[in-house]
Chemist: 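One structure, as structure tokens, below. Some questions next.
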Amino acid sequence: MSESGNSVSRISAKGLAALTQAQLNDWAIQAQTHSQEGQLPNYIPLLAQANPTGLAIQTRSIEGQIVSAGDVSLSFPLMSVVKPFVLLFLLEQLGAQTVFSRVGIQSSHEPYNSLIQLQTDKGWPRNPMINSGAIALADLLPGEDASSRCETLRQWLNQRSNSHLFLDQAMLNSVRSRSNERNRNLANLLAESGYLDNVEMALDTYQHICCLAGTVADLTQLGMILVQDYKNILPKNRRIVNALITTCGLYEASSRFAVQVGVPTKSGVSGAVLAVIPFQGAIACYSPPLDEAGNSKAGLFLLQQLVQTLNLSVFG
């Protein structure tokens with residue numbers, strides 16, 4: 001290891017690796033109170049039926065320390081937490097020039113599914129972490145249909161992270177049971193603007209990949225891909241993904257969270273949250289009640305406690 005790598009290890013031993021079980025247990029109890037202030041999403045039937053008291057959190061450090069609290073056996077769909085990994089996969093497979101000919105790198109101050117934002121930008125999707133950008137990238141995934149595209153991504157992620165993601169077919173059926181006119185309008189405008197080749201394929205692929213599911217353990221394993229140089233992932237691609245998670249991962253709340261907390265963080269409407277602590281480890285949370293921006297109330301509370309207490313901010 002290089003001299004700078006040794007320095008990073010010394011820092012990490014004082015950071016995430018210093019977390020105690022008692023600390024995490026206490027914060028998990030407090031987080032339950034915060035979750036009561038949130039709401040379950042109502043536009044996907046199965047998400048609306050989630051147990052609002054369900055909560056799980058796990059931290060995983062590069063030294064191998066794992067600390068968990070809550071019901072870590074709970075499985076859940078990743079929903080938008082899959083978006084950074086779609087970006088990573090395509091950067092590895094196609095390169096940055098091709099990927100960023102379809103999607104931008106600018107943050108958005110509108111909700112994650114905003115048609116107004118896309119119209120303002122004349123059909124150009126601002127970033128890969130909002131729906132328009134993720135749908136545009138779903139169109140680039142290899143495969144003859146949505147199922148095979150999702151399976152290719154699933155296998156690639158599991159092989160590189162040693163996670164056990166699976167396609168939640170019941171959740172996919174639930175997603176398909178409601179017509180999502182916002183996403184269809186986004187896809188139609190993307191196609192009209194030349195940033196999407198096949199509307200139906202892109203939408204179906206997007207629905208599939210959002211229904212990849214796992215536990216907080218699977219999610220921390222995934223996060224470790226972005227923590228340090230890992231299993232032939234190009235460092236420049238890891239840096240790109242982490243930067244975009246920091247600036248865009250929590251939608252219109254991203255800038256505020258970057259200032260207040262300061263770690264790359266991605267959320268999903270299932271209540272999943274993943275935070276990457278570069279060169280230290282990963283933190284995964286699950287709690288279904290959401291705030292007004294679509295982020296887990298308990299998840300963001302837990303991250304704020306961890307980051308501020310252990311001095312984990314990437315900004316020092």
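In what follows, every heavy atom counts, from backbone to side chain, and hydrogens, waters and symmetry copies are set aside.
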Chemist: Considering only NZ, NE, NH1 and NH2 on the basic side and carboxylate oxygens on the acidic side, decide whether Arg176 and Asp204 come within less than 4.0 Å.
Modeler: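 Between Asp204 and Arg176 there is a salt bridge, with a charged N closer than 4.0 Å to a carboxylate O.
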Chemist: What do you reckon, is CD of Glu181 surrounded by more than 12 foreign heavy atoms closer than 6.0 Å?
Modeler: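 Yes, the 6.0 Å shell around CD holds more than 12 heavy atoms from other groups.
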Chemist: Give the minimum heavy-atom separation between Asp71 and Ala56, together with the two atoms involved.
Modeler: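 So the two residues come closest at O-CB, 3.3 Å.
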Chemist: Hey, does Leu196 have a side-chain heavy atom less than 4.5 Å from the side chain of Val199?
Modeler: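 Val199 reaches Leu196 side chain to side chain.
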Chemist: Between the main-chain N or O of Glu110 and the side-chain N or O of Ser114, is there a donor-acceptor pair closer than 3.5 Å?
Modeler: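 It does not hold such a pair.
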Chemist: Does any non-hydrogen side-chain atom of Leu88 lie less than 4.5 Å from one of Asn237?
Modeler: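 Yes. Closest side-chain heavy atoms under 4.5 Å.
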Chemist: If you group Ile, Leu, Val, Met, Phe, Trp and Tyr by side-chain heavy-atom gaps below 4.5 Å, do Val276 and Val241 land in one group?
Modeler: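 Yes, it is one cluster - the side chains of Val276 and Val241 are joined through contacts under 4.5 Å.
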Chemist: Treating Asn242 as the side-chain partner and Leu226 as the backbone partner, does any N or O pair qualify as donor plus acceptor under 3.5 Å?
Modeler: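 Between the backbone of Leu226 and the side chain of Asn242 there is a qualifying donor-acceptor contact (under 3.5 Å).
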Chemist: When you measure from the side chain of Asp26 to the backbone of Ala22, do you find a donor-acceptor pair of N or O atoms at a distance under 3.5 Å?
Modeler: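 Looks like no, no N/O pair under 3.5 Å.
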Chemist: How long is the span from the CD1 atom in Ile62 to the CE atom in Met224, to the nearest 0.5 Å?
Modeler: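 Going from CD1 on Ile62 over to CE on Met224, the span is 7.0 Å.
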Chemist: Decide yes or no for Arg238 and Ile225: does some side-chain heavy atom of the first lie under 4.5 Å from some side-chain heavy atom of the second?
Modeler: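 Counting from C-beta outward, Arg238 and Ile225 never come under 4.5 Å.
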Chemist: I need the minimum non-hydrogen distance between Met129 and Cys248, along with the two atoms involved.
Modeler: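 Where Met129 meets Cys248 most closely, the heavy atoms are CB-O, 3.5 Å.
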Chemist: For the atom pair CD (Gln58) and SG (Cys285), what is the distance rounded to the nearest 0.5 Å?
Modeler: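 So the CD of Gln58 and the SG of Cys285 are separated by 10.5 Å.
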Chemist: Classify the side-chain pair Asp145/Ser147 by whether it contains a donor and acceptor separated by less than 3.5 Å.
Modeler: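 Distance-only check fails for Asp145 and Ser147.
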Chemist: Hey, quick one: are Ile130 and Tyr43 part of the same hydrophobic cluster, counting side-chain heavy atoms closer than 4.5 Å, chains of contacts allowed?
Modeler: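 Yes; Tyr43 is reachable from Ile130 via cluster members.
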Chemist: Between Glu192 and Lys122, is the closest basic N to carboxylate O distance under 4.0 Å?
Modeler: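 Result for this pair is no, no salt bridge flagged.
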Chemist: Minimum heavy-atom separation for Leu312 and Val263, please, with both atom names.
Modeler: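 The pair with the smallest heavy-atom distance is O-CG1, 3.6 Å.
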Chemist: Looking only at non-hydrogen atoms, find the nearest pair between Val261 and Ser313 and report the distance.
Modeler: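 Looking at all heavy atoms of both residues, the shortest contact is O-CB, 3.4 Å.
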Chemist: Mark yes or no for whether Asp291, through its side chain, and Asn295, through its backbone, hold a donor-acceptor pair below 3.5 Å.
Modeler: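 Yes.
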Chemist: For the residue pair Arg102 and Asp139, establish whether any side-chain heavy-atom pair is separated by less than 4.5 Å.
Modeler: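 They are in contact (side-chain heavy atoms under 4.5 Å apart), so the answer is yes.
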Chemist: May I ask you to check whether over 12 heavy atoms, not counting those of Ile105, lie within 6.0 Å of atom CD1?
Modeler: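 Not buried by this count: 12 neighbours or fewer within 6.0 Å.
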Chemist: What residues form a ring pair (Phe, Tyr, Trp, His ring centres under 6.0 Å) with Phe85, not counting sequence neighbours?
Modeler: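 Phe85 satisfies ring pair (Phe, Tyr, Trp, His ring centres under 6.0 Å) with no other residue.
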Chemist: With side chain to side chain contact (heavy atoms under 4.5 Å, CB included) as the test, would you mind laying out the steps for Trp156 and Glu92 before giving the verdict?
Modeler: CA-CA 11 Å; Trp156 188 85; Glu92 290 285 309; 4.0 Å; yes
Chemist: Is the closest side-chain heavy-atom distance between Ile44 and Met79 below 4.5 Å?
Modeler: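 The answer is yes, as the side chains (C-beta and beyond) meet within the 4.5 Å cut-off.
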Chemist: For the CD atom of Gln65 and the OG1 atom of Thr20, what is their distance to the nearest 0.5 Å?
Modeler: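 Separation between the atoms: 9.0 Å.
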Chemist: Without hydrogens or angle criteria, can the side chains of Gln36 and Gln32 be said to hold a donor-acceptor pair below 3.5 Å?
Modeler: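 Absent: no donor and acceptor within the cut-off.
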Chemist: Keeping the roles fixed (side chain from Gln21, backbone from Ser68), state whether a donor-acceptor pair exists under 3.5 Å.
Modeler: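 Judged by distance alone, yes, a pair lies under 3.5 Å.
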Chemist: Which heavy-atom pair separates Val103 from Pro128 by the least distance, and what is that distance?
Modeler: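 Taking every non-hydrogen atom into account, CG2-N, 3.6 Å.
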Chemist: For the residue pair Gln119 and Leu189, establish whether any side-chain heavy-atom pair is separated by less than 4.5 Å.
Modeler: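 They are in contact (side-chain heavy atoms under 4.5 Å apart), so the answer is yes.
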Chemist: Does the pair Val273 and Val81 meet the rule for a side chain to side chain contact (heavy atoms under 4.5 Å, CB included), with working shown?
Modeler: CA-CA 7 Å; Val273 181; Val81 176; over 6 Å; no
Chemist: Dump the intermediate steps for salt bridge (charged side-chain N to carboxylate O under 4.0 Å, His left out) on Glu292 and Lys297, then the final yes or no.
Modeler: CA-CA 9 Å; Glu292 61 280 358; Lys297 290 283 292 186; 5.6 Å; no
Chemist: Using only atom types and a distance under 3.5 Å, with no angle test, would you say the side chain of Arg126 pairs donor to acceptor with the backbone of Ser107?
Modeler: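 Answer holds: yes.
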Chemist: Report yes or no: does Asn42 contribute a side-chain atom to a donor-acceptor pair with the main-chain N or O of Ala48 at less than 3.5 Å?
Modeler: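 Judged by distance alone, no pair lies under 3.5 Å.
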Chemist: Determine whether a donor-acceptor pair (N or O, by modelled atom type, separation under 3.5 Å) exists between the side chain of Thr309 and the backbone of Leu306.
Modeler: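 No; judged by distance alone, with no hydrogens or angles, the pair does not exist.
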Chemist: So, do Phe89 and Pro142 sit near enough that their side-chain heavy atoms are less than 4.5 Å apart?
Modeler: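 Answer yes - side chains close enough.
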Chemist: When you compare the side chain of Pro288 with that of Pro52, does any pair of heavy atoms fall below 4.5 Å?
Modeler: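 When only atoms from C-beta onward are counted, Pro288 and Pro52 do not touch, as no gap falls below 4.5 Å.
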Chemist: Mind checking the CG-CD1 spacing from Leu78 to Ile209? Nearest 0.5 Å is all I need.
Modeler: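 If we round to the nearest 0.5 Å, Leu78:CG and Ile209:CD1 are 10.0 Å apart.
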Chemist: Treating Arg149 as the side-chain partner and Leu141 as the backbone partner, does any N or O pair qualify as donor plus acceptor under 3.5 Å?
Modeler: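 Such a contact is found between Arg149 side chain and Leu141 backbone.
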Chemist: Is there a path of hydrophobic side-chain contacts, each under 4.5 Å between heavy atoms of I, L, V, M, F, W or Y residues, that connects Leu165 with Val86?
Modeler: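 Leu165 and Val86: one cluster.
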Chemist: Group every Ile, Leu, Val, Met, Phe, Trp and Tyr by side-chain heavy-atom contacts under 4.5 Å, then state whether Leu87 and Ile233 land in the same group.
Modeler: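 Leu87 and Ile233: one cluster.
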Chemist: Is the side chain of Ser161 donor-acceptor paired with the backbone N or O of Gln221 at a distance under 3.5 Å, no angle test?
Modeler: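 It does not hold such a pair.
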Chemist: Relative to the ring of His34, is the ring of Phe301 parallel (under 30°), tilted (30 to 60°) or perpendicular (over 60°)?
Modeler: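 Taking His34 first and then Phe301, their aromatic rings lie parallel (interplane angle under 30°).
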Chemist: Decide if atom CD of Gln39 counts as having more than 12 heavy atoms of other residues, nucleotides or ligands within a radius under 6.0 Å.
Modeler: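 Open.
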Chemist: In Å and rounded to the nearest 0.5 Å, what is the CD to OG distance from Gln260 to Ser255?
Modeler: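 Rounded to the nearest 0.5 Å, the CD-OG separation comes to 11.0 Å.
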Chemist: Distance from Leu219 atom CG to Ser75 atom OG, nearest 0.5 Å?
Modeler: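 So the CG of Leu219 and the OG of Ser75 are separated by 12.5 Å.
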